[in-house]
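Right, one structure below, let's go through it.
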Amino acid sequence: MLPPRLDATPMLDALLVRLGRMVRAVGGRHALGADEIDALVQEVRIRIWRAHPESEEIERLPTSYVYRTAMAAAIDLLRQRRRHVERAAPLEEAGAVTAGSADAAVLAAELGAAIDRALASMVESRRVVVRMHLAGYGREEMVAMLGWPDGKVRNLLYRGMDDLRERLVRAGYRWPEER
């Protein structure tokens, strides 16, 4: 028989009372508004609760873990804000879809599929870093989220981008400086 689960909510509340100022400071450094900082605190709460449902686990979490969770959540909120702004742009500002832009969209989709195929054939550690780079993460963010040394991330990114370039060239794509 399994022992009854302890409710993690009081421990989570205590953790966020203790480290809430740090989480809010992360939001401030990312230029989040007051509502977004409140959403950041809530997102950190949810992420920690999902990852560590037992109260004993929450008691033992280091400050650095909460900080990394807050950084990742803040970056996700910024990306969400950017996507929301891009979607809200009126159609007139974005321009109507023309035959030329439809061709460009098809070419972009084909390139995206080629990149996905090239990434799928890479070693996992390089693939992870290159995908994060292509998604817009900086090297410092990757180091913080992955918990790897900067030299390792830099090396994996450098070699991974070389691998990606080589695979795309073999697939018939030309790199801009080769034109």
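A heavy-atom distance below 4.5 Å is not found between the side chains of His133 and Val129. Counting heavy atoms from C-beta outward, Arg131 and Asp116 have side chains that approach closer than 4.5 Å. For the pair Val128/Met142, no side-chain contact is recorded, criterion being any heavy-atom separation below 4.5 Å from C-beta on. Inter-residue side-chain proximity for Leu134 and Leu164 is flagged as met; some heavy-atom pair is nearer than 4.5 Å. By the 4.5 Å heavy-atom criterion applied to side chains, Glu141 and Met132 are not counted as neighbours. Between Arg165 and Met161, the closest side-chain pair of non-hydrogen atoms is not below 4.5 Å. Between Val143 and Trp148, the closest side-chain pair of non-hydrogen atoms is not below 4.5 Å. Taking the side chain as every heavy atom from C-beta outward, Leu146 and Lys152 never approach each other to under 4.5 Å.
How far CE of Met11 is from CD1 of Ile48: 14.0 Å, rounded to the nearest 0.5 Å. Atom-to-atom distance recorded for Asp35:CG and Leu40:CG is 12.5 Å, nearest 0.5 angstrom. Taken from CG in Leu119 to CD in Glu124, the straight-line distance is 12.5 Å, to the nearest 0.5 Å. Note that OG1 of Thr69 is 7.0 Å distant from NE2 of His52, once rounded to the nearest 0.5 Å. In this structure, CG on Leu157 lies 14.5 Å from OH on Tyr137, to the nearest 0.5 angstrom. With values rounded to the nearest 0.5 angstrom, Gln42 atom CD is found 14.5 Å from Ile37 atom CD1.
No donor-acceptor pair closer than 3.5 Å links the side chain of Arg68 to the backbone N or O of Met145. The main-chain N or O of Gly33 is found under 3.5 Å from a side-chain atom of Glu36 such that the two form a donor-acceptor pair.
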Evaluation steps, salt bridge (charged side-chain N to carboxylate O under 4.0 Å, His left out), between Asp76 and Arg47: CA-CA 12 Å; Asp76 288 345; Arg47 288 180 184 199; 2.5 Å; yes
Derivation and outcome, side chain to side chain contact (heavy atoms under 4.5 Å, CB included), residues Tyr67 and Leu19: CA-CA 9 Å; Tyr67 177 79; Leu19 299 176; over 6 Å; no
Side chain to side chain contact (heavy atoms under 4.5 Å, CB included) evaluation trace for Arg117 with Arg167: CA-CA 9 Å; Arg117 285 190 301 277; Arg167 291 164 201 252; over 6 Å; no
Criterion side chain to side chain donor-acceptor pair (under 3.5 Å) on Tyr65 and Arg60, from CA distance to verdict: CA-CA 10 Å; Tyr65 179 85; Arg60 293 189 299 261; over 6 Å; no
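Hydrophobic cluster membership is shared by Leu15 and Trp49, with clusters built from Ile, Leu, Val, Met, Phe, Trp and Tyr side chains linked at under 4.5 angstrom. Hydrophobic clustering, with ILVMFWY side chains joined whenever heavy atoms are under 4.5 angstrom apart, groups Ile58 together with Met22.
The environment of Arg50 atom CZ is sparse: at most 12 non-hydrogen atoms of other residues, nucleotides or ligands sit within 6.0 angstrom.
Closest heavy-atom contact between Val44 and Ala73: CG2-CB, 4.3 Å. Residue Ala74 comes nearest to Leu32 through the heavy atom pair CB-CD1, 4.3 Å, listed as atom of the first residue, atom of the second, then distance.
Tyr158 and Arg126 share no donor-acceptor pair across their side chains, judged by distance under 3.5 Å alone.
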